[in-house]
Student: 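What follows is a single structure, and I will ask about it in a moment.
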Amino acid sequence: MVKVGYIQMEPKILELDKNYSKAEKLIKEASKEGAKLVVLPELFDTGYNFESREEVFDVAQQIPEGETTTFLMELARELGLYIVAGTAEKSGNYLYNSAVVVGPRGYIGKYRKIHLFYREKVFFEPGDLGFKVFDIGFAKVGVMICFDWFFPESARTLALKGAEIIAHPANLVMPYAPRAMPIRALENRVYTITADRVGEERGLKFIGKSLIASPKAEVLSIASETEEEIGVVEIDLNLARNKRLNDMNDIFKDRREEYYFR
């Protein structure tokens with residue numbers, strides 16, 4: 001058994017220091033409740049509703065050399081936990097909507113969002129690293145970002161690669177993900193941790209309702225639609241490691257790939 005959690009916060013657009021300070025406070029609260037893995041929202045450090053690519057470029061950071069990853073690594077080391085956080089990544093002249101994974105021993109890896117939503121296509125390049133699963137010792141954690149959830153292939157690919165937990169930083173504006181994520185968890189027999197943001201930014205309203213779902217489609221924790229808060233629950237990873245529904249059905253061994261459309 002291990003405790004995991006989400007951070008639901010309201011980032012201030014383009015104000016990195018304020019967002020770092022707020023994230024630090026909430027992560028420390030989750031740590032006090034025993035969380036060993038904490039997930040932050042998509043673009044927790046920069047805000048989301050940009051006006052221009054130049055605006056993003058000015059605040060985006062390199063991974064792992066940039067200020068955001070350094071901040072997260074120091075906090076993870078201090079608190080002895082793992083963090084998955086959404087951030088704007090600068091790589092040469094390219095920008096990516098990314099997530100960084102860090103732990104007590106430093107930088108672990110990154111994921112670049114594959115399915116860009118709406119105006120994100122104006123600012124960011126589509127992810128080019130594929131879906132990634134990171135071994136953090138007590139669990140294998142797959143990462144997807146926000147709109148990736150809309151494509152069942154995202155969670156299924158992570159599960160087939162061995163993910164036991166799917167960390168899902170998000171900035172949700174459509175109402176569907178809180179209903180869908182328990183199904184993603186059920187159909188792949190994994191835990192999912194969706195960390196959403198709240199508030200309104202330049203006229204765009206976010207829905208909150210961060211949640212943790214179990215391999216049985218149970219909603220173990222769900223946040224409000226408006227408040228900054230944390231959710232920490234204890235999970236049993238043995239449930240995610242057992243893909244059997246009964247004595248005769250295994251959800252992965254029963255797959256009939258030869259009949260699936262490609």
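Computed over heavy atoms, backbone and side chain alike; hydrogens, waters and symmetry mates excluded. This structure is a prediction, so every number in the text was calculated from the model and none was measured.
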Student: Heavy atoms, side chains only, cut-off 4.5 Å: are T69 and V102 in contact?
Tutor: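 Yes. Closest side-chain heavy atoms under 4.5 Å.
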Student: Kindly indicate whether the side chain of L72, heavy atoms from C-beta on, has any atom under 4.5 Å from the side chain of V100.
Tutor: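 A side-chain contact under 4.5 Å exists here.
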Student: Are the side chains of L116 and P126 in contact, using a 4.5 Å heavy-atom criterion?
Tutor: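 Side-chain contact under 4.5 Å: yes.
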Student: As a quick check of understanding, evaluate side-chain contact (heavy atoms from CB on, under 4.5 Å) for L220 and I235, giving each step before the final call.
Tutor: CA-CA 9 Å; L220 304 179; I235 64 173; 4.2 Å; yes
Student: Tell me if the CE atom of M1 is crowded by more than 12 foreign heavy atoms within 6.0 Å.
Tutor: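 Above 12, so yes.
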Student: When you group the ILVMFWY residues by side-chain heavy-atom contacts below 4.5 Å and let the links chain together, are I183 and Y176 in the same group?
Tutor: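 No, it is not one cluster - the side chains of Y176 and I183 are not joined through contacts under 4.5 Å.
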Student: Is there a side-chain contact (heavy atoms from CB on, under 4.5 Å) between V4 and V38 once you walk through the steps?
Tutor: CA-CA 6 Å; V4 300; V38 176; over 6 Å; no
Student: Find the distance between CG (L26) and CD (E228) and round it off to the nearest 0.5 Å.
Tutor: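 It comes to 6.0 Å.
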Student: Would you name the heavy atoms of F131 and V143 that are closest together and state the gap between them?
Tutor: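 Closest pair (atom of F131, atom of V143, distance): CD2-O, 4.2 Å.
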Student: Distance check, rounded to the nearest 0.5 Å: I207 atom CD1 versus R197 atom CZ?
Tutor: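 If I round to the nearest 0.5 Å, the distance is 12.5 Å.
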Student: Listing request: all side-chain hydrogen bond (donor to acceptor under 3.5 Å, both in side chains) pairs with a residue in residues 150-170, at least two apart in sequence or in separate chains.
Tutor: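 Qualifying pairs: R156-N188, E164-R241, H168-T194.
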Student: For P178 and L172, which heavy atoms make the closest approach, and how far apart are they?
Tutor: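 Nearest pair, atom of P178 first, then L172: CD-CD1, 4.4 Å.
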Student: If you take all heavy atoms of K25 and E29, which pair is closest and at what distance?
Tutor: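 Where K25 meets E29 most closely, the heavy atoms are NZ-OE2, 2.9 Å.
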Student: Can you name the closest pair of heavy atoms from A213 and A185 and give their distance?
Tutor: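 Scanning both residues completely, I find the closest heavy atoms to be CB-CB, 4.0 Å.
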Student: Is any NZ, NE, NH1 or NH2 atom of the basic residue among E24 and K22 found under 4.0 Å from an Asp or Glu carboxylate oxygen of the other?
Tutor: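 Not counted as a salt bridge, because no side-chain N and carboxylate O are separated by less than 4.0 Å.
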Student: Apply side chain to side chain donor-acceptor pair (under 3.5 Å) to E67 and list each qualifying residue two or more places apart in sequence or on a separate chain.
Tutor: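 By the side chain to side chain donor-acceptor pair (under 3.5 Å) rule, E67 matches no residue at all.
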Student: Cation-pi between K113 and F147: NZ/CZ under 6.0 Å from ring centre and within 45° of the ring axis?
Tutor: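 Output no; distance or angle outside limits.
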Student: Look at atom CD of E229 and say whether more than 12 heavy atoms of other residues, nucleotides or ligands are closer to it than 6.0 Å.
Tutor: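 More than 12 within 6.0 Å, yes.
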Student: Quick check: do T46 and V56 have side-chain heavy atoms less than 4.5 Å from each other?
Tutor: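 Not touching, per the 4.5 Å side-chain cut-off.
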Student: Can you see which heavy atom on N19 is nearest to which on G47, and at what distance?
Tutor: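 So the minimum-distance heavy-atom pair works out to ND2-N, 4.4 Å.
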Student: Can you pull out every ring-ring contact (aromatic ring centres under 6.0 Å, His included) where at least one residue sits in residues 195-216? Sequence neighbours excluded, please.
Tutor: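 Output for this query lists Y48-F206.
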Student: Can you tell me how far apart CZ (R77) and CE (M73) are? Round to the nearest 0.5 Å.
Tutor: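 R77 atom CZ to M73 atom CE measures 6.5 Å (nearest 0.5 Å).
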Student: Under 4.5 Å between side-chain heavy atoms, chaining through other members, with only Ile, Leu, Val, Met, Phe, Trp and Tyr counted: pull out the rest of the cluster around Y96, sorted by chain and number.
Tutor: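 Under the 4.5 Å side-chain rule, Y96 groups with Y94.
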Student: Can you tell me which residue among I212, I193, V190 is in a side-chain contact (heavy atoms from CB on, under 4.5 Å) with I165?
Tutor: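 Only one option passes, and that is I193.
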Student: Linking I/L/V/M/F/W/Y whenever their side-chain heavy atoms sit closer than 4.5 Å, directly or via other members, would F123 and L129 fall into one cluster?
Tutor: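 F123 and L129: separate clusters.
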Student: Quick check: are there more than 12 heavy atoms from other residues, nucleotides or ligands sitting under 6.0 Å from CZ of R105?
Tutor: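 Atom CZ in R105 is not crowded, with 12 or fewer foreign heavy atoms closer than 6.0 Å.
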Student: Transitive ILVMFWY cluster of L160 at side-chain heavy atoms under 4.5 Å: who else is in it?
Tutor: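 Its cluster mates, by chain and number, are L245, I251, F252.
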Student: Does the side-chain contact (heavy atoms from CB on, under 4.5 Å) test come out yes or no for R189 and L186, once each step is laid out?
Tutor: CA-CA 5 Å; R189 298 279 293 187; L186 173 68; 5.5 Å; no
Student: Write out all pairs satisfying side-chain hydrogen bond (donor to acceptor under 3.5 Å, both in side chains) with one or both partners inside residues 52-65, taking only residues at least two apart or from two chains.
Tutor: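 Pairs touching residues 52-65 that pass the test: E55-R202.
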Student: Among all residues two or more places apart in sequence or in another chain, which pass the side chain to side chain donor-acceptor pair (under 3.5 Å) test with N249?
Tutor: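 Testing N249 for side chain to side chain donor-acceptor pair (under 3.5 Å), a comparison that skips the adjacent residues, returns N246, D254.
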Student: Step by step, work out the salt bridge (Lys or Arg N to Asp or Glu O under 4.0 Å) result for K205 and E201.
Tutor: CA-CA 6 Å; K205 185 175 175 58; E201 189 177 86; over 6 Å; no
Student: List in chain and number order the residues that pass salt bridge (charged side-chain N to carboxylate O under 4.0 Å, His left out) with E227, two or more places apart in sequence or in another chain; answer none if no residue qualifies.
Tutor: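 By the salt bridge (charged side-chain N to carboxylate O under 4.0 Å, His left out) rule, E227 matches no residue at all.
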Student: How many angstroms lie between CD in E200 and OG1 in T226, if you round to the nearest 0.5 Å?
Tutor: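 One finds 13.0 Å between CD of E200 and OG1 of T226.
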Student: What residue pairs, at least two apart or across chains, pass side-chain hydrogen bond (donor to acceptor under 3.5 Å, both in side chains) with a residue in residues 4-15?
Tutor: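 Listed by first then second residue: Y6-S221, Q8-S210, E15-K18.
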Student: Would you say N238 and N242 make side-chain contact, with heavy atoms under 4.5 Å?
Tutor: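 No, every pair of side-chain atoms sits at 4.5 Å or beyond.
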Student: What pairs with R112 under side chain to side chain donor-acceptor pair (under 3.5 Å), at least two apart in sequence or on another chain?
Tutor: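 Applying side chain to side chain donor-acceptor pair (under 3.5 Å) to R112 gives E89, D128.
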Student: So, K243 side chain and A240 main chain: donor-acceptor pair closer than 3.5 Å or not?
Tutor: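 Pair found, side chain donor or acceptor close to backbone of A240.
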Student: Do L16 and I7 sit in one hydrophobic cluster, given that two such residues count as connected whenever their side-chain heavy atoms are within less than 4.5 Å of each other, even indirectly?
Tutor: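 Per the 4.5 Å side-chain linkage, L16 and I7 are co-clustered.
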Student: Using the side-chain hydrogen bond (donor to acceptor under 3.5 Å, both in side chains) rule, collect all pairs that involve residues 133-148, keeping only residues at least two apart or in two chains.
Tutor: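 Applying side-chain hydrogen bond (donor to acceptor under 3.5 Å, both in side chains) to every pair that reaches into residues 133-148, excluding sequence neighbours, yields Y111-D148, H115-D148.
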Student: Of all the heavy-atom pairs spanning C146 and N171, show the shortest one and how long it is.
Tutor: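 That would be SG-N, 3.4 Å.
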Student: Is any side-chain heavy atom of Y118 closer than 4.5 Å to a side-chain heavy atom of V173?
Tutor: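 Y118 vs V173: side chains apart.
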Student: Hydrophobic clustering (ILVMFWY, side-chain heavy atoms < 4.5 Å, transitive) - are Y260 and F151 grouped together?
Tutor: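 No, separate clusters.
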Student: Measure from the side-chain N and O atoms of Y82 to the backbone N and O of V39, and report whether any donor-acceptor pair falls under 3.5 Å.
Tutor: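 No; judged by distance alone, with no hydrogens or angles, the pair does not exist.
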Student: Heavy-atom distance under 4.5 Å between the side chains of F50 and F124, does that happen here?
Tutor: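 With C-beta onward as the side chain, the pair touches.
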Student: Taking the side chain from T70 and the backbone from G66, do they hold a donor-acceptor pair closer than 3.5 Å?
Tutor: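 Yes; at least one donor-acceptor contact below 3.5 Å.
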Student: Nearest 0.5 Å, please: how far is NZ in K36 from CD1 in I136?
Tutor: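 Result: 11.5 Å between the selected atoms.
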Student: Side chain to side chain donor-acceptor pair (under 3.5 Å) with S214: which residues, sequence neighbours excluded?
Tutor: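 Checked S214 against side chain to side chain donor-acceptor pair (under 3.5 Å); matches are E218.
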Student: Ignoring hydrogens and angles, tell me if any N or O in the side chain of K90 forms a donor-acceptor pair with the backbone of F57 under 3.5 Å.
Tutor: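 Yes; judged by distance alone, with no hydrogens or angles, the pair exists.
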Student: Using side-chain contact (heavy atoms from CB on, under 4.5 Å), reason through V101 and Y107 one step at a time and then give a plain yes or no.
Tutor: CA-CA 7 Å; V101 184; Y107 174 72; over 6 Å; no
Student: In this structure, would V198 and M9 fall into the same cluster of hydrophobic residues linked by side-chain contacts under 4.5 Å?
Tutor: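 No, V198 does not connect to M9 through the hydrophobic network.
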Student: Look up atom CG in D45 and atom CZ in F71, then write down how far apart they are to the nearest 0.5 Å.
Tutor: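 One gets 9.5 Å once the value is rounded to the nearest 0.5 Å.
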Student: So, do M144 and L158 sit near enough that their side-chain heavy atoms are less than 4.5 Å apart?
Tutor: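 In short, these two side chains touch, coming nearer than 4.5 Å.
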